[in-house]
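The structure appears below as structure tokens.
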There are 2 protein chains.
Amino acid sequence: MAVHNTIQGVSTRDKIIKLGRDFIQKIGYHSFRYQLIAKELNIKNAAVHHYFPAKEDLGVAVIEKDRSDFLDLIEAGKEQSPREKTEVLLTMYANYCLSGKNLCIIGATTSIYSELPPKMEKAANEYIETIESWLIDVLREGHQNGEFRFEETPENLAAVWISTLPGALQVAQAKGAGFFRGVLEQLRRTLLPA
Amino acid sequence: MAVHNTIQGVSTRDKIIKLGRDFIQKIGYHSFRYQLIAKELNIKNAAVHHYFPAKEDLGVAVIEKDRSDFLDLIEAGKEQSPREKTEVLLTMYANYCLSGKNLCIIGATTSIYSELPPKMEKAANEYIETIESWLIDVLREGHQNGEFRFEETPENLAAVWISTLPGALQVAQAKGAGFFRGVLEQLRRTLLPA
DNA sequence: GTCTATACGCTGATAGAC
DNA sequence: GTCTATCAGCGTATAGAC
């Protein structure tokens, strides 16, 4: 599909997913419209529907793309220390904040969770599960090798992190980037209590 | 206005605000419609518009009502210890989780922050500021009297709390109530590190 | 793959009678 | 204060030509 475009670099389909993700993270799934993507790509509404017949199809593709990118990221860093691995996650969120992405995928989906079409709910659950289970493993690994010194369970600590990061990204819109930096500083401390 | 209704108990206007808050916390501001309120009160769409001509007017009223309720709550507990005061906040959120309220007002507003009408943005900012400044004071008070033993600044710790609580409420929809309890347990520990 | 054109439903909102 | 009636606008989605 779209062979010539693929050869040139990025297919229209991939551009749509990328733009869809950008818009969803900036204004949320409900506020994002196909027209925004069409305008950006200088095509028409109907052309976007050619790739993703229903909006929820694109929604699922965006979630899965972001999950896939995350898996690539952790695969690339699998030889790093636990501390470095947690920094990957924190840096990812710091970049969201700095680049005007007001929501992560977790926040974008859970803030409208009760309204999600079944396929999107399923994709969101898998997405969250992926990050959570990875984080639990990283925390446990760091605890066992002595790099981390927290006293709570890796499960509970991971639960706090995947709640705090989406929440802080949202609240930082009202309180500013300094607010978010303070939260990051705090999360780092939870790994090494005095 | 609506004197006879007020005498009977609760005015239609107050019922609309209460229902508006319920719906906003369950399905979010964008998904909530006047028709849902009208149906619940056995009146028509136009009747709701009589009290709140524009949807954002009701949005503002809901935020201010929730802020007012919170102020009443902390006024009632002003003689409590810092520890008891923090429990008031945690219990409030635990009740959200248990009563099917998927979003707090902070989460409901910050998840669509970039799309908020100016008046709602202002109301949201005041709301967040109210909770944040109260919490900072409580944390500082508890630290000074020795009830809390955290090592970070009250400002940063408060920032974490008002990010974590809205975030955890959202994510708990996907992970279940046990997830939320784990987060609460963890937050309590941050006041008393080992 | 992209277009024009259009249908459709829904929601916010208004006018005016009662 | 509540109603009936109605509207305009928007967003999703489709049909069919090119």
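Each chain gets a letter, A, B and so on, in the order its sequence line appears, and its residues count up from 1. These numbers come from the heavy atoms of this one structure, side chains and all, not from hydrogens, waters or symmetry mates.
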- Qualifying residues under salt bridge (Lys or Arg N to Asp or Glu O under 4.0 Å), relative to E75(A), sequence neighbours excluded: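 For E75(A) the salt bridge (Lys or Arg N to Asp or Glu O under 4.0 Å) partners, ignoring immediate neighbours, are K78(A).
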
- Residues two or more places apart in sequence or in another chain: which of them pass salt bridge (Lys or Arg N to Asp or Glu O under 4.0 Å) with R140(B)? D137(B), E155(B)

- Query: Is the distance from OP1 or OP2 of dG1(C) to the nearest side-chain N or O of H50(A) less than 4.0 Å?
  - Reply: yes

- Query: If only side-chain N and O atoms of S11(B) are considered, is one of them under 4.0 Å from the OP1 or OP2 phosphate oxygen of dG1(D)?
  - Reply: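 So the side chain of S11(B) is outside the cut-off, no N or O lying under 4.0 Å from OP1 or OP2 of dG1(D).
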
d([atom1], [X]; [atom2], [N]) in whole Å:
X: E115(B); N: dG12(C); atom1: CD; atom2: P; value: 15 Å
X: K55(A); N: dT12(D); atom1: NZ; atom2: C1'; value: 9 Å
X: Y51(A); N: dA13(D); atom1: OH; atom2: P; value: 18 Å
X: I16(A); N: dT2(C); atom1: CD1; atom2: C1'; value: 11 Å

- With K65(B) via side-chain contact (heavy atoms from CB on, under 4.5 Å) - residues at least two apart: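 side-chain contact (heavy atoms from CB on, under 4.5 Å) list for K65(B), sorted by chain: I17(B), R21(B), D69(B).
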
- Under 6.0 Å from the six-membered ring centre of F32(A) and within 45° of its axis: does the NZ or CZ of K26(A) meet both?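 Here K26(A) fails the 6.0 Å and 45° test against F32(A).
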
- Message: Quick one, H30(B) and E115(B) - any side-chain contact, counting heavy atoms below 4.5 Å?
- Response: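 Heavy-atom side-chain distance check passes, below 4.5 Å.
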
- Message: Just to be sure I understand the geometry, which residues of residues 26-47 of chain A put a non-hydrogen atom under 4.0 Å away from DNA chain C?
- Response: N42(A), I43(A), K44(A), A46(A), A47(A)

- Message: Looking at R189(B) and E151(A), is any side-chain nitrogen of the basic one under 4.0 Å from a carboxylate oxygen of the acidic one?
- Response: no

- ring pair (Phe, Tyr, Trp, His ring centres under 6.0 Å) partners of H49(A), counting only residues at least two apart: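 H49(A): ring pair (Phe, Tyr, Trp, His ring centres under 6.0 Å) contacts with Y34(A).
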
- Task: Describe, in one word, how the ring planes of W134(A) and F70(A) are oriented to each other, choosing from parallel (under 30°), tilted (30 to 60°) and perpendicular (over 60°).
- Result: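 Perpendicular: the ring planes of W134(A) and F70(A) meet at over 60°.
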
- Query: Between which residue ranges does DNA chain D form stems of three or more consecutive Watson-Crick or G-U wobble pairs, both distances under 3.5 Å?
  - Reply: C:1-18 with D:1-18

